[in-house]
Chemist: 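This is the structure I want to talk about, given as structure tokens.
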Amino acid sequence: MKNIRIKRCIAWFIDWLLCCLPCLLYTILCAPSLARPSFSNLLGLFLLVPATFILFVLRDVIFGGRSVGKRIFGLHVIDLRSSAAATNDKKILRNLFFFLYLVDVFVLLATGQTIGDRIAGTLVVMEIE
């Protein structure tokens with residue numbers, strides 16, 4: 001069981017890196033001009049930062065029901081009551097609590113569920129082949 005918890009942490013990190021990639025690329029490509037803030041530079045950052053957070057919340061819905069990190073490790077989200085694949089609403093609800101990640105990693109490692117999982121009534125399990 002602890003193995004899946006470590007996989008979830010690594011999958012989360014992979015997802016976070018992928019979601020932050022547009023901001024990172026924008027910053028690298030525009031670094032010289034960011035030293036002299038202009039309206040277009042600030043607008044770009046103003047749009048990209050919220051887009052990063054939205055992408056992270058929707059990552060399990062956008063990528064065919066599983067985030068890239070979950071696909072790599074063979075994980076998927078199920079509804080605790082029905083043991084069926086979680087609905088998109090539940091996937092979004094559980095991802096809304098990503099900002100608690102510093103606490104969430106300890107909760108996950110200790111209990112096997114994140115705070116978002118508990119609130120949404122979901123569980124991340126290994127894919128059955």
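As the structure is a prediction and not an experimental result, all values here were calculated from the model. When a residue number appears, it is its place in the shown sequence, counting from 1.
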Chemist: Can you name the closest pair of heavy atoms from C19 and L55 and give their distance?
Modeler: SG-CG, 3.7 Å
Chemist: Quick one: does D15's side chain get under 4.5 Å of F56's, heavy atoms only?
Modeler: yes
Chemist: Any side-chain to backbone donor/acceptor pair from R66 onto L75? Under 3.5 Å, distance only.
Modeler: yes
Chemist: How far apart are the closest heavy atoms of L123 and D117, and which atoms are they?
Modeler: N-OD1, 4.4 Å
Chemist: Are the ring centres of F53 and F98 closer than 6.0 Å?
Modeler: yes
Chemist: Has D104 got a side-chain atom pairing as donor or acceptor with T114's backbone, closer than 3.5 angstrom?
Modeler: no
Chemist: Determine whether T111 and R118 make a side-chain contact, defined as any pair of heavy atoms from C-beta on separated by less than 4.5 Å.
Modeler: yes
Chemist: For V124 and R94, which heavy atoms make the closest approach, and how far apart are they?
Modeler: CG2-NH2, 3.3 Å
Chemist: So which heavy atom on C9 is nearest to which on L109, and how close?
Modeler: SG-CD2, 4.1 Å
Chemist: Starting from the C-alpha separation in whole Å, work towards a yes-or-no answer on side chain to side chain contact (heavy atoms under 4.5 Å, CB included) for R59 and L18.
Modeler: CA-CA 10 Å; R59 72 189 188 276; L18 290 174; over 6 Å; no
Chemist: Would the number of heavy atoms belonging to other residues, nucleotides or ligands and lying under 6.0 Å from OH of Y101 be above 12?
Modeler: no
Chemist: What heavy-atom pair brings Q113 and L80 nearest, and what distance separates the two atoms?
Modeler: NE2-CD1, 3.4 Å
Chemist: Would the distance check show the side chain of R8 and the main-chain N or O of G112 forming a donor-acceptor pair, the cut-off being under 3.5 Å?
Modeler: yes
Chemist: Counting N and O atoms only, with roles assigned by atom type, does the side chain of K91 sit under 3.5 Å from a partner on the main chain of G65, one being a donor and the other an acceptor?
Modeler: yes
Chemist: Could you check whether any side-chain N or O of K90 sits under 3.5 Å from a backbone N or O of A120, counting only pairs where one atom can act as donor and the other as acceptor?
Modeler: yes
Chemist: Hey, could you give me the CG/OG1 distance between L93 and T122, rounded to the nearest 0.5 Å?
Modeler: 8.0 Å
Chemist: When rounded to the nearest 0.5 angstrom, what is the spacing between OH in Y26 and CG in L47?
Modeler: 9.0 Å
Chemist: Quick one, F73 with W12, criterion ring pair (Phe, Tyr, Trp, His ring centres under 6.0 Å). Give me CA distance, side-chain angles, the key distance, then yes/no.
Modeler: CA-CA 11 Å; F73 288 101; W12 184 92; over 10 Å; no
Chemist: Write down the atom of I115, the atom of V103, and the distance for their closest heavy-atom approach.
Modeler: CD1-CG1, 4.3 Å
Chemist: When you group the ILVMFWY residues by side-chain heavy-atom contacts below 4.5 Å and let the links chain together, are L108 and F97 in the same group?
Modeler: no
Chemist: Is the CZ atom of F106 crowded by more than 12 outside heavy atoms at less than 6.0 Å?
Modeler: no
Chemist: Once you round to the nearest 0.5 Å, how far does OG1 of T87 lie from CG of D79?
Modeler: 7.0 Å
Chemist: Within this structure, what is the CZ-CD distance for the pair R71 and E127, rounded to the nearest 0.5 Å?
Modeler: 8.5 Å
Chemist: Let me confirm one number: the CD1-CG distance from I28 to L24, rounded to the nearest 0.5 Å.
Modeler: 4.0 Å
